[in-house]
Amino acid sequence: MNDVQLGMPQLPAPDYPADVRARLEADAKEVIARYPGSRSALLPLLHLVQAEEGHVTRTGIRFCAEMLDLTTAEVTAVSTFYSMYRRRAGGDYQVGVCTNTLCAVMGGDAIFDELKRHLGVENGETTEDGAVTLEHIECNAACDFAPVVMVNWEFFDNQTPESAKRLVDDLLAGRTVEPTRGAPLCTYKETSRILAGFPDARPGAVEATGGAGPASLVGLRLAKGETAPGRGADHVVAPRTTAEESASSDPEHPAGPTAEEGE
């Protein structure tokens with residue numbers, strides 16, 4: 001019976017080496033000082049410890065608990081709830097293929113299947129060289145650029161199986177890869193530190209983050225009475241001039257029922 005394993009983590013978790021602990025404590029105190037209540041700093045602190053080891057380890061959970069006066073159970077509950085925190089070691093580049101409804105029907109499923117075959121891994125697995133971890137992900141609010149692939153949370157829009165294979169081949173070869181939108185690509189650990197709230201000091205990185213892409217702004221342009229790209233003047237929608245000019249006040253295009261409840 002002594003050989004039975006229940007899947008429980010070994011306790012107590014080991015601490016960081018003294019020099020690492022001192023460095024992380026200084027960073028953690030800077031993060032905690034931003035919040036009126038210390039426990040509100042848990043999410044960025046989880047990113048901080050993830051930046052140290054590439055995933056949230058037992059040591060990282062212990063560190064967060066001690067810094068915030070929480071139990072390790074409380075920290076574990078949060079770290080396992082959010083998918084942006086890894087539970088095990090992964091690659092320098094996390095390649096996520098959106099397989100939610102729109103991306104899936106636009107080719108996301110085909111991209112994911114092709115990348116699994118091309119890389120020789122399954123969902124959540126990492127290539128043998130430790131460079132790329134492949135996973136399917138849920139909607140990333142970029143449906144107008146479907147199908148979307150994300151690498152360390154940076155966007156690669158309008159992908160195909162072939163373009164996605166070229167992308168991972170470049171990552172495996174160590175070649176420079178530029179996202180469609182957003183900051184220049186960095187490693188997963190570097191990304192985690194940025195998400196912890198520390199500045200991205202790379203030249204031009206902040207300026208490169210940009211804003212919404214053209215496809216996201218078409219509806220806004222039409223609402224302003226502008227012509228959508230590639231469309232004629234017959235596609236212009238006249239802008240509203242008063243707050244009262246809404247769908248609900250247009251009898252030919254009602255927004256919904258106008259009767260009182262119960263009638």
Side-chain angles (χ1 to χ4, degrees), residues 16-17 19-35 41-57 60 63-64 67 79 82-86 89-98 115 119 126-127 129-135 137 140-142 144-145 148-159 163-217:
Y16 288 115
D19 59 330
V20 176
R21 172 87 188 201
R23 172 167 50 80
L24 289 177
E25 278 192 10
D27 287 340
K29 289 176 181 177
E30 180 180 339
V31 172
I32 293 169
R34 302 170 186 164
Y35 297 90
L42 178 54
L43 295 183
L45 254 60
L46 286 168
H47 283 299
L48 177 65
V49 298
Q50 183 163 252
E52 186 64 31
E53 300 181 86
H55 66 295
V56 178
T57 64
F63 174 81
C64 291
M67 293 299 299
S79 68
Y82 293 103
S83 61
M84 291 183 76
Y85 301 119
R86 286 177 172 172
D92 290 333
Y93 300 100
Q94 184 158 306
V95 176
V97 182
C98 181
L115 287 184
L119 295 171
T126 303
T127 54
D129 61 359
V132 171
T133 297
L134 179 67
E135 66 172 0
I137 52 179
N140 283 281
D144 37 357
F145 298 100
V148 171
V149 173
M150 299 195 81
V151 180
N152 295 348
W153 312 114
E154 297 294 349
F155 287 102
F156 291 81
D157 302 328
N158 304 121
Q159 292 292 295
S163 67
K165 285 192 293 185
R166 289 194 298 270
L167 168 61
V168 296
D169 284 346
D170 286 342
L171 294 173
L172 292 170
R175 290 188 284 267
T176 300
V177 173
E178 295 292 338
T180 309
R181 297 171 286 131
L185 204 61
C186 56
T187 67
Y188 191 83
K189 288 182 179 180
E190 292 168 336
T191 300
S192 294
R193 184 168 176 82
I194 294 169
L195 291 173
F198 292 93
D200 187 344
R202 294 173 298 160
V206 175
E207 292 78 7
T209 55
S216 304
L217 300 176

To the nearest 0.5 Å, what is the distance between [atom1] on [X] and [atom2] on [Y]?
| X | Y | atom1 | atom2 | result |
| --- | --- | --- | --- | --- |
| Q50 | T191 | CD | OG1 | 10.0 Å |
| D129 | L171 | CG | CG | 10.5 Å |
| I32 | L45 | CD1 | CG | 5.5 Å |
| T180 | F156 | OG1 | CZ | 6.5 Å |

If the condition is side chain to side chain donor-acceptor pair (under 3.5 Å), which residues does [X] pass it with, not counting sequence neighbours?
| X | answer |
| --- | --- |
| S83 | none |
| T133 | T126 |
| D19 | none |
| R166 | none |

Kindly confirm or rule out a cation-pi arrangement of R86 over Y188, judged by NZ or CZ under 6.0 Å from the six-membered ring centre and within 45° of its axis? yes

Check for me whether R21 meets the cation-pi criterion with Y16, that is, NZ or CZ under 6.0 Å from the six-membered ring centre and within 45 degrees of the ring axis. no

Salt bridge (charged side-chain N to carboxylate O under 4.0 Å, His left out) partners of [X], counting only residues at least two apart:
| X | answer |
| --- | --- |
| D200 | R202 |
| D170 | R175 |
| E52 | R23 |
| E30 | R34 |

Using the side-chain contact (heavy atoms from CB on, under 4.5 Å) rule, take L48 and S192 through it: C-alpha gap first, then chi angles, then the decisive distance, then the call. CA-CA 7 Å; L48 177 65; S192 294; over 6 Å; no

Would you please name every residue forming a ring-ring contact (aromatic ring centres under 6.0 Å, His included) with Y85, sequence neighbours left out? H47

For H55, the ring-ring contact (aromatic ring centres under 6.0 Å, His included) test, sequence neighbours excluded, returns none

Set of side-chain contact (heavy atoms from CB on, under 4.5 Å) partners for D92, sequence neighbours left out: none

K29: what forms a side-chain contact (heavy atoms from CB on, under 4.5 Å) with it, not counting sequence neighbours? E25, M67

side-chain contact (heavy atoms from CB on, under 4.5 Å) with Y82: of L46, L43, V56, only one passes, and it is L43

With distance as the sole test, does Q159 use its side chain to make a donor-acceptor pair with the main-chain N or O of D157 at under 3.5 Å? yes

Do E178 side-chain atoms and L185 backbone N/O form a donor-acceptor pair below 3.5 Å? no

Trace of the side-chain contact (heavy atoms from CB on, under 4.5 Å) decision for F198 with D27: CA-CA 9 Å; F198 292 93; D27 287 340; 3.7 Å; yes

Grab the two heavy atoms, one from A142 and one from R181, that are nearest each other, plus how far apart they are. CB-NH2, 3.8 Å

Can you name the nearest heavy-atom pair linking L172 to A131, along with the distance? CD2-CB, 3.9 Å

Go through the steps for T57 and V49 under the test side-chain contact (heavy atoms from CB on, under 4.5 Å), then give the verdict. CA-CA 8 Å; T57 64; V49 298; over 6 Å; no

Evaluate the side-chain proximity of V177 to Y93: yes if any heavy-atom separation is below 4.5 Å, no if none is. no

Full working for side-chain contact (heavy atoms from CB on, under 4.5 Å) between N152 and C186: CA-CA 8 Å; N152 295 348; C186 56; 5.9 Å; no

